[in-house]
Amino acid sequence: MEETEMDTAPGETAAPPQAPELSLLMVRLLKGVLYREDDERLWSHLLRLHARVRELAGVLLLELVLDEAEGYAFLKSRPQPEQAYAEAHLPRLVARRHLSYSVSLLLALLRRRMFEADASGGEVRLVLSRSDIVQLLQVFLPDGTNEARLVDQVDATIKKVADLGFLRRLTAAAGSAPGQAHYEVRRILKAFVDAQWLSEFDARLAAYRTAQADGGQQGEAGDD
């Protein structure tokens, strides 16, 4: 009779094998946001395995944020003091980011446009041209900003917001104006700029205007 190898000690129960879909989900979520429209198959796996994903994420001091209606999911750090990470000798897997004044301002303005679009009952997908975004920001930029500097500043801000995952540049459509880029505002913005934050929007814009008048270049801190 042939002997078989055992990976567990006597009396221990072997752990159930992990579904390959679960491994794919964890890797994808640790890399960033999972959108339903980008991978319908993986999204269906998430809906089926979300309880196990939450369990595994918890081991890493992370939480799963899953919005089925909007079609996105991501991992965020649990709301624990920094001391908890230090005592556990664990690095933050989701970095905290400090947002510049211009990036914070654009996120606020985009969230407001999204709120207005949702309230109007129009198209759920919010698409803005680069000119639209320039008009949103131009009101809050210092008077006397020359055209070249304005272009550079706006483009840098758009790029940063796109890098953060809140804007997606779209492929140019037939008949569109040459050089006129269009961007989709990703619905995940709602998870970071919530209703309470939006209700204080006017006060925040007043603070932005004050910062502009004072020549401030740094806005509020933002977290993933």
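Atom set for the values below is all heavy atoms of this structure, side chains included, hydrogens, waters and symmetry mates excluded. All of these numbers come straight from a predicted model, not from anything done at the bench.
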A cation-pi test, strictly: NZ or CZ of Arg186 under 6.0 Å from the centre of the six-membered ring of Tyr35 and no more than 45 degrees from its axis. Yes or no?
yes
Would you call Glu37 and Arg168 a salt bridge, using N to O less than 4.0 angstrom?
yes
Taking C-beta and beyond as the side chain, do Arg28 and Asp38 meet within less than 4.5 Å on heavy atoms?
yes
At what distance, to the nearest 0.5 angstrom, does CG of Leu62 lie from CZ of Phe74?
11.5 Å
Can you measure from CG (Leu64) to NZ (Lys76) and round to the nearest 0.5 angstrom?
10.5 Å
Closest contact, heavy atoms only, Leu137 versus Ser102
CD2-O, 4.4 Å
CD/Gln135 to CG/Leu109 distance, rounded to the nearest 0.5 angstrom?
12.5 Å
Counting C-beta onward and ignoring hydrogens, is there a side-chain heavy-atom pair between Leu60 and Leu75 closer than 4.5 Å?
no
Would you name the heavy atoms of Arg36 and Ala69 that are closest together and state the gap between them?
NH2-O, 3.7 Å
Taking the side chain as every heavy atom from C-beta outward, state whether Arg187 and Asp118 have any pair of such atoms under 4.5 Å apart.
yes
What closest approach, in Å, do Ala117 and Leu126 show between heavy atoms, and which atom pair accounts for it?
CB-CD1, 4.4 Å
Assess whether a salt bridge exists between Lys159 and Asp163, defined as any Lys/Arg side-chain N lying under 4.0 Å from an Asp/Glu carboxylate O.
yes
Rounded distance [0.5 Å steps], CD in Glu21 versus CG in Leu25:
8.0 Å
For Glu184, does the CD atom sit with more than 12 other heavy atoms under 6.0 Å from it, leaving out its own atoms?
yes
Phe166 pairs by side-chain contact (heavy atoms from CB on, under 4.5 Å) with which of Ile188, Leu110, Val33?
Ile188
Val103 and Val161 have their tightest heavy-atom pair at CG1-CG2, 4.0 Å
Distance-minimising heavy-atom pair for Tyr72 and Ala191
OH-CB, 3.5 Å
Considering only heavy atoms from C-beta outward, does the side chain of Leu42 approach that of His45 to under 4.5 Å?
yes
Residues Arg130, Asp155; criterion side-chain contact (heavy atoms from CB on, under 4.5 Å); working and verdict:
CA-CA 9 Å; Arg130 180 177 168 280; Asp155 285 343; 2.8 Å; yes
Atom CZ in Arg52, atom CE in Met26: separation rounded to 0.5 Å?
11.5 Å
Hits for side-chain hydrogen bond (donor to acceptor under 3.5 Å, both in side chains) against Asp132, two or more places apart or cross-chain, chain-then-number order -> Ser129
Any side-chain heavy-atom pair from Glu55 and Val59 closer than 4.5 angstrom?
no
Arg113: side-chain hydrogen bond (donor to acceptor under 3.5 Å, both in side chains) partners, not counting sequence neighbours
none
Atom pair CG (Leu46) and CG (Leu24), whose distance is rounded to the nearest 0.5 Å
12.0 Å
